[in-house]
Amino acid sequence: MLTLALDTATGVCTVGLVRDGHVLAEYDISIGLTHSEGLMPQMDQMFSRTGIKKEEIDRIAVSMGPGSFTGLRIGLAAAEAMAYAWKCGICGVNTLEAMAYNIPVEGIVLAPVLDAQKGNYYTAFYRWQAGVLQEIRPVEMTDGDTLLRQLLELEAPVILMGECGKLAKKELPSGISVAPEQVRLPKASSVALAAEGKPALTGEEIFTLRPYYIRKSEAEELWDKRHPKA
């Protein structure tokens, strides 16, 4: 099974090729380019360097959120268009779950977080057991102080991942640490690995996927304020 994976949920634009759990290539860019500028050139260069033809792709794995509203739309639109054109399957993957695949280590709680603005974070808690990733707290949006309190209540070693720079500047309680930068943020290879065993959509079903936003965008919230329901 040859999987093309992409993640545009954060400021990192990452694409990768994984065959049967083996990472063939991965290309990460986080220098401020917009995903609309960088995504397709990254993939073209990756295919060129590996010699793999697009027609060989069995399915596409794409990060579905939570994350940047614009970034998620760009990634999903690209994935849907490619899957339809290449007549391959597509599989949507939770962004936070995929990040937990960066550190497949037992005995710790992994807490990937993404900045939800205004002091809030998207987060979920995971644990590896016997080679299987287990969700121990589902995805939710919470403020930083509540998040740290929830982690302390677990009474287990915790590693923060993702967009946790603001949290890391605080004096973190004992037992809570921050993942090294090279495994902290989304990686396309982890999206591909998280997609293994999940069903893929094909044909017209490809276009039924929807990003996992959790909350409304600021534009939608402003619209609701200006147009309250009767």
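With hydrophobic clusters built from ILVMFWY side chains whose heavy atoms lie under 4.5 angstrom apart, M40 shares a cluster with I57. Hydrophobic clustering, with ILVMFWY side chains joined whenever heavy atoms are under 4.5 angstrom apart, keeps L151 apart from V105. Linking ILVMFWY side-chain heavy atoms closer than 4.5 Å, directly or via other members, places L209 and Y84 in a single hydrophobic cluster. Hydrophobic clustering of Ile, Leu, Val, Met, Phe, Trp and Tyr side chains at less than 4.5 Å, counting indirect connections, keeps Y121 apart from M161. The hydrophobic cluster containing I206 also contains M82, counting ILVMFWY residues as joined when their side-chain heavy atoms lie under 4.5 angstrom apart, directly or transitively.
Residues in residues 147-162 take part in these side chain to side chain donor-acceptor pair (under 3.5 Å) pairs, two or more places apart or across chains: E140-Q150. The list of salt bridge (charged side-chain N to carboxylate O under 4.0 Å, His left out) pairs with a residue in residues 183-194, not counting sequence neighbours, reads E26-K187, D28-K187.
Each of L76, I74, V62, T14 was evaluated against L6; a single residue qualifies, V62, per the side-chain contact (heavy atoms from CB on, under 4.5 Å) test.
Annotation: side chain of T50 is not in contact with side chain of L24 (no heavy-atom distance under 4.5 Å). The shortest distance between side-chain heavy atoms of M43 and L4 falls below 4.5 Å. Side-chain contact check for Y126 versus P112: some heavy-atom pair is nearer than 4.5 Å.
A61 is linked by a side chain to side chain contact (heavy atoms under 4.5 Å, CB included) to T3, A5, V191, A195, counting only residues two or more places apart in sequence or in another chain. Residues passing the salt bridge (charged side-chain N to carboxylate O under 4.0 Å, His left out) test with D143: none are found, sequence neighbours excluded. Contacts of L152 classified as side chain to side chain contact (heavy atoms under 4.5 Å, CB included), with partners at least two apart in sequence or in another chain: P173, I176.
Within the 3.5 Å criterion, the main-chain N or O of T10 finds no donor-acceptor partner in the side chain of E163. When atom types are taken as modelled, the side chain of Q42 and the backbone of Y27 share a donor-acceptor pair closer than 3.5 angstrom. Remark: side-chain polar atoms of E135 are not paired, donor with acceptor, to backbone N or O of A124 under 3.5 angstrom.
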Verdict with reasoning, F125 to L147, per side-chain contact (heavy atoms from CB on, under 4.5 Å): CA-CA 10 Å; F125 304 162; L147 169 60; 3.6 Å; yes

Candidate pair E205 and T208, rule side-chain hydrogen bond (donor to acceptor under 3.5 Å, both in side chains), full reasoning: CA-CA 5 Å; E205 288 186 337; T208 63; over 6 Å; no

Take S177 and I159, measure what side-chain contact (heavy atoms from CB on, under 4.5 Å) needs, and give me the verdict at the end. CA-CA 5 Å; S177 58; I159 294 182; 3.8 Å; yes

Starting from the C-alpha separation in whole Å, work towards a yes-or-no answer on side-chain contact (heavy atoms from CB on, under 4.5 Å) for D44 and K54. CA-CA 10 Å; D44 287 342; K54 298 172 183 178; 3.5 Å; yes

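Atoms NE2 and CZ, from H35 and R73 in turn, are 12.0 Å apart once rounded to the nearest 0.5 Å. Atoms CG and CZ, from L2 and R59 in turn, are 11.0 Å apart once rounded to the nearest 0.5 Å. Atom CG of residue L167 and atom CG of residue D145 lie 9.0 Å apart, to the nearest 0.5 angstrom. Note that CG of D20 is 8.5 Å distant from CG of D58, once rounded to the nearest 0.5 Å. Between Y212 atom OH and M64 atom CE the span is 11.5 Å, to the nearest 0.5 Å.
Closest heavy-atom contact between I103 and L110: O-CD1, 3.3 Å. Across every non-hydrogen atom of C13 and T8, the tightest pair is SG-CG2, 4.1 Å. Minimum heavy-atom separation, G16 to M46: CA-SD, 3.7 Å. Between A168 and V178, the closest heavy-atom pair is CB-CG2, 3.8 Å. The shortest non-hydrogen separation linking N102 to L185 is ND2-O, 2.9 Å. Across all non-hydrogen atoms, the minimal contact from L39 to G75 is CD2-CA, 4.5 Å.
No more than 12 heavy atoms of other residues, nucleotides or ligands lie within 6.0 Å of CZ in R127, so this atom counts as exposed by the packing criterion. Enclosure of atom CD in E106 by more than 12 non-hydrogen atoms of other residues, nucleotides or ligands within 6.0 angstrom is indicated.
W86 and F47 have perpendicular rings, their planes meeting at more than 60° on a 0 to 90° scale where under 30° would count as parallel.
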Atom pairs and distances, side-chain donor-acceptor, residues 90-101, under 3.5 Å, sequence neighbours left out:
residue, atom, partner, partner atom, Å
N94, OD1, L96, N, 2.8
N94, OD1, E97, N, 3.0
T95, OG1, S63, OG, 2.5
T95, OG1, G65, N, 2.8
T95, OG1, G65, O, 3.3
T95, OG1, P66, O, 3.4
E97, OE2, K198, NZ, 3.3

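At a cut-off of 3.5 Å, with distance as the only test, a side-chain donor of T34 or S36 sits close to an acceptor on the other residue.
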